[in-house]
Amino acid sequence: MTGPETLPVPLRRNRSFRILWTGQFVAQFGPGMGAVAYPLILLDSGGTPALVGTVTFALGVAAIAARLPGGAAADRFDRRALMIGAQGSRALAMGFLVLVLVVVGDSTLLLWAVVAVALVDVVGHEGYRFAERAALRHIVPPSQLSAAVGQNEARNQIASILGPVAGGWLMAVSRVLPFGAAAAGHAVAAIGLVFVRERLQGPREPAASVEGPRHRRWTEAFSWIGERPPLQVLLLAGAAPNLVINGVMLTVVMVGADAGVGSAAIGAVLGTVGLGGICGALGASALLRRFSPRTLVLVTLWVLPLTVVAAIPLVDHWSVVFPLAVAVAMAPLLSIILGTYQLLTTPDRLQARVGSACTFISGVVAPLGPLVAGFGVQYTGTPLLFSGFALLLLGVAALVTALPATRELTSFPRQPDRPAGKSSDEAPPSAKEAP
């Protein structure tokens, strides 16, 4: 019986949430393994650190370019079909790279195949993520959204640990294995979506009544964000850490490779750093119950530059994992606060578009991190590179602290719980409530 005292089913018993979580967890191994495998294949084939940084930059730009179309597609078309298509295309691309590695071996064709497959991988990831994010409100009630976003972030962090470790060890055995494993993971994620029962979006009005001019569909999400200063603050707070952490992680890979450190050891270092991300993601829900979003955002922004400075003398030693683990532990707080605020305040018809616009804005500078890191390692050295990263973070921390809208982030907007499967715009019949 459903009534005022009905409690939502715990996330651990929410079948559809578990299917989405598990499928994407397996699929996330691909990017994790690629963080080690792609740079090492490029370097082994005669590429320079500047080339690796440039390729990584180009892939980041492609990912950002795919975000707005991906969000618009997830609001316009069937989200389940989009997610299945995205994971299926990534599985096929990884299978193609396995074939090239087996048949062709080292050649110019291999370099182009790596770049092409990595491009399909990042674009497919962007196509999937916004459909999944927008679908979350249809399988999880509002009171559990921050916990669900935190568990999804923890999932990504766990995969970011195990992925590089697995990628390093598999690369040490055979260059084919990381990509074969990635293909299998994407296939599993695609198949799992077939078993999610809920409708993953609310009913849509006829196209002629809601779309208007084509450019309106692209700008509506940005207009919506522009009317909400607290959301703008959260976007600003997340942009610089994205740039810096991407640059720092690639620096660790390149410096380790230059020092003759094996792929397994580099993967182990990245995986160990990722432990901090798991701790931060899993602890975010508890921290948000004790502290305001404003407090957590400001503490994170002021501590991050200290961790980068602490990493300067340690970058060529395994002990660099300690300051970087602290940085990676704090960064998920910014993503979880942004994701929860956006999900709670956005109408369903705009969910994916606003989600993709938020990720576009907060991540638009992220590709500059690997680009700056590649040229910095080659031409200026790590100390100067990391000092510049720290100064950037300090400037953002000071700006966010001074902005009046930051003071509005004392709590999240409140919404009453409703059965999973219902949106804030409409309430289609679906229930996942425990008596």
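As a basis for the values below, the full set of heavy atoms in this structure was taken, side chains included, without hydrogen atoms, waters or symmetry mates.
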Once rounded to the nearest 0.5 Å, what's the spacing between atom [atom1] of [X] and atom [atom2] of [Y]?
X	Y	atom1	atom2	answer
Ile84	Asp78	CD1	CG	8.0 Å
Thr340	Leu344	OG1	CG	6.5 Å
Ile337	Leu234	CD1	CG	7.0 Å
Glu132	Leu82	CD	CG	13.0 Å
Leu392	Leu304	CG	CG	11.0 Å
Leu296	Leu334	CG	CG	9.0 Å

Which heavy-atom pair separates [X] from [Y] by the least distance, and what is that distance?
X	Y	answer
Cys358	Gln342	SG-CG, 4.1 Å
Ala148	Leu136	CB-CD2, 4.1 Å
Gly88	Ala190	N-CB, 4.3 Å
Val98	Gly180	CG2-N, 3.5 Å
Arg79	Ala135	NH1-N, 4.2 Å
Pro305	Ala390	CB-O, 3.6 Å

Contacts of [X] that satisfy side chain to side chain contact (heavy atoms under 4.5 Å, CB included) - sequence neighbours left out:
X	value
Ala93	Val117, Val120
Val400	Val233, Leu236, Ala237, Val297, Leu298, Leu301, Val396, Thr406
Ser335	Glu153
Ala357	Leu68, Ala221, Phe222, Ile225

Aromatic ring pairing Phe389/Phe386, orientation class (parallel under 30°, perpendicular over 60°, tilted between): tilted
Is the closest side-chain heavy-atom distance between [X] and [Y] below 4.5 Å?
X	Y	value
Leu338	Leu231	yes
Leu177	Trp169	no
Met330	Val299	yes
Leu101	Leu97	yes
Leu193	Tyr128	yes

Of all pairs that satisfy side-chain hydrogen bond (donor to acceptor under 3.5 Å, both in side chains), the ones with a partner from residues 298-311, not counting sequence neighbours: Trp302-Thr401
Does [X] use its side chain to pair, donor to acceptor, with the backbone of [Y] at less than 3.5 Å?
X	Y	result
Asn14	Val140	no
Ser89	Ala86	yes
Arg228	Trp224	yes

Worked check of side chain to side chain contact (heavy atoms under 4.5 Å, CB included) between Ser387 and Val309: CA-CA 7 Å; Ser387 297; Val309 171; over 6 Å; no
Please set out all donor-acceptor pairs under 3.5 angstrom arising from side-chain atoms of residues 250-257, sequence neighbours excluded.
from: Thr251; atom 1: OG1; to: Gly247; atom 2: O; distance (Å): 2.7

For [X], all residues meeting side-chain hydrogen bond (donor to acceptor under 3.5 Å, both in side chains), sequence neighbours excluded:
X	result
Gln87	Gln24, Arg90, His186
Arg407	none
Thr295	Ser292

From CA spacing to verdict: side chain to side chain contact (heavy atoms under 4.5 Å, CB included), Leu409, Tyr341: CA-CA 10 Å; Leu409 294 170; Tyr341 189 94; 4.3 Å; yes
